[in-house]
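The structure displayed is predicted, hence computed values, not measured ones.
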Amino acid sequence: MLFLILARFTQTSPRYKENFFNVLKEDLTEVLADEKIKDNLSFNVKNRVLKIIESKDYDEFLRKDKFKFFSIIVVCHNADSYLDMGINSILNQYFSFESNIQLILVNNGSTDNTAPICAKYNKLYPENVVYLDYGEVMDLDFVHDEAQKHVKGNYTIILDEPYKLNRDVLSTLVVKINNDLDDDLVIAIQQFDDLEDSSFTHYNFRDLDSSGDNT
């Protein structure tokens, strides 16, 4: 129920959103006065629910809600044939997109319909999606550096193509982070079958399954 309410809250027009927030804060505060319910909230929604009830007003909530658990940078170049599929695999993660994920889409000098597709998702999810548009192909190191200036997540994932991710990838990764990974983790993926060596920790999302094993 909370997952659906938070999704609707994200999609609500800005002119009505503060009123929605005030009603939601009042109702959630009453429901979550029961500590057993609060303690048993799914991690997918708990982070954002607590932001709502612990913020004194809508402005404070907006400041807090800018910061997500994951920031995912997706570099796009002439990817219109599979871009929707890749983006929707992020939007439809079990680890709630609206509550926990910031998506940074970078159009890197595309000459096809990549730009309007990126702009579409930026318009649909203005609070979660950042769109950067380069009219010519830029060096990937430059693109990464510029995109990371917009990062608001605790952890950053870099995809140099809009890959399709399994729906449990991020929820599985959260378990691993909570168990044994460093706070300054950056996950860089360049190719599924040929990951470059670097100072980053690498995860091959294609092979990361719900057991948490990375093969």
Side-chain angles (χ1 to χ4, degrees), residues 2-29 32 38 41-76 86-107 117-134 143-159 162 165 169-171 173-174 177-178 181-188:
L2 288 176
F3 178 87
L4 294 174
I5 290 173
L6 291 174
R8 180 63 67 189
F9 176 62
T10 296
Q11 297 163 6
T12 297
S13 169
R15 67 183 293 191
Y16 302 116
K17 205 154 195 176
E18 184 170 1
N19 286 339
F20 194 157
F21 168 83
N22 291 332
V23 173
L24 188 55
K25 175 177 169 61
E26 182 178 348
D27 288 350
L28 287 176
T29 301
L32 298 179
K38 183 188 292 187
L41 284 177
S42 162
F43 190 83
N44 284 2
V45 300
K46 187 171 186 177
N47 185 40
R48 204 173 196 207
V49 166
L50 293 180
K51 287 178 186 176
I52 291 172
I53 65 175
E54 293 173 0
S55 297
K56 65 180 181 181
D57 54 30
Y58 183 58
D59 288 338
E60 182 177 343
F61 167 75
L62 288 179
R63 290 193 295 272
K64 291 181 178 180
D65 200 46
K66 289 180 181 179
F67 298 93
K68 305 296 184 182
F69 197 86
F70 286 114
S71 288
I72 303 179
I73 298 169
V74 181
V75 182
C76 312
I87 293 175
N88 277 293
S89 75
I90 297 172
L91 267 56
N92 294 320
Q93 287 289 305
Y94 293 134
F95 193 61
S96 171
F97 174 74
E98 287 88 353
S99 298
N100 300 309
I101 302 169
Q102 177 198 34
L103 176 60
I104 301 174
L105 297 173
V106 183
N107 175 31
I117 294 173
C118 290
K120 173 182 69 175
Y121 288 100
N122 175 237
K123 184 176 181 180
L124 284 173
Y125 300 95
E127 297 174 4
N128 293 75
V129 178
V130 175
Y131 174 39
L132 306 178
D133 190 6
Y134 296 106
V143 169
H144 294 168
D145 289 344
E146 290 300 303
Q148 289 188 71
K149 294 177 182 178
H150 299 268
V151 161
K152 298 291 185 182
N154 295 331
Y155 298 91
T156 301
I157 298 169
I158 301 174
L159 302 174
L165 305 181
V169 162
L170 296 184
S171 55
L173 189 53
V174 167
I177 288 172
N178 288 337
L181 296 179
D182 295 332
D183 288 340
D184 60 354
L185 172 70
V186 176
I187 302 164

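Heavy atoms only, all atoms of each residue included: Q93 and L170 are closest at OE1-N, 3.1 Å. Across all their heavy atoms, F69 and V174 have their closest contact at CE2-CG2, 3.7 Å. Nearest heavy atom pair, residue E146 against residue Y134, reads CB-OH, 3.2 Å. Of all heavy-atom pairs between S71 and G153, the closest is OG-N, 2.8 Å.
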* L41 and L32: side chain to side chain contact (heavy atoms under 4.5 Å, CB included), yes or no, with the steps? -> CA-CA 10 Å; L41 284 177; L32 298 179; 4.1 Å; yes
* Evaluate the criterion side chain to side chain contact (heavy atoms under 4.5 Å, CB included) for residue pair L159 and I73; output intermediate values, then yes/no. => CA-CA 6 Å; L159 302 174; I73 298 169; over 6 Å; no
* **CA sep, side-chain torsions, deciding dist, call: F9, K17, side chain to side chain contact (heavy atoms under 4.5 Å, CB included)** => CA-CA 7 Å; F9 176 62; K17 205 154 195 176; 3.6 Å; yes
* Please test F97 against N128 for side chain to side chain contact (heavy atoms under 4.5 Å, CB included), starting from the C-alpha separation and ending with a verdict. => CA-CA 8 Å; F97 174 74; N128 293 75; 3.5 Å; yes
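In this structure, the side chains of I52 and T29 stay at 4.5 Å or more apart for every pair of heavy atoms. Put simply, the side chain of Q102 does not reach to within 4.5 Å of the side chain of I72, judged on heavy atoms. Contact check for H150 versus L132: side-chain heavy atoms found under the 4.5 Å cut-off. Residues V49 and L28 meet the side-chain proximity criterion, which asks for heavy atoms closer than 4.5 Å. For the pair V74/I90, a side-chain contact is recorded, criterion being any heavy-atom separation below 4.5 Å from C-beta on. Between H144 and V106, every side-chain heavy-atom pair lies at or beyond the 4.5 Å cut-off. In this structure, S96 and F3 have side chains that are in contact, with non-hydrogen atoms separated by less than 4.5 Å. Taking the side chain as every heavy atom from C-beta outward, L124 and K120 approach each other to under 4.5 Å.
Between atom CZ of residue F61 and atom CG of residue L24 there is a gap of 8.0 Å, rounded to the nearest 0.5 Å. Note that the CG atom of L6 and the OG atom of S99 stand 4.5 Å from one another [nearest 0.5 Å]. Expressed to the nearest 0.5 Å, how far CD1 of I104 lies from OG1 of T156 amounts to 7.5 Å. Here the NZ-NZ distance, from K51 to K66, works out to 12.0 Å after rounding to the nearest 0.5 Å. How far CG of D57 is from CG of N22: 8.5 Å, rounded to the nearest 0.5 Å. Here N19 contributes atom CG and Y58 contributes atom OH; the two are 10.0 Å apart, rounded to the nearest 0.5 Å.
Counting non-hydrogen atoms of other residues, nucleotides and ligands closer than 6.0 Å to CD of E60 gives a total above 12.
The aromatic ring centres of Y131 and Y121 sit 6.0 Å or more apart.
Taking the six-membered ring where the residue is Trp, F95 and F70 present perpendicular rings, their angle passing 60° and hence far from 30°.
Residues D65 and K68 are paired through a salt bridge, judged by an N-O separation under 4.0 Å between the basic side chain and the carboxylate.
The backbone N or O of I53 lies less than 3.5 Å from a partner atom in the side chain of K25, making a donor-acceptor pair. Checking side-chain atoms of S89 against main-chain N and O of L165 turns up a donor-acceptor pair under 3.5 Å.
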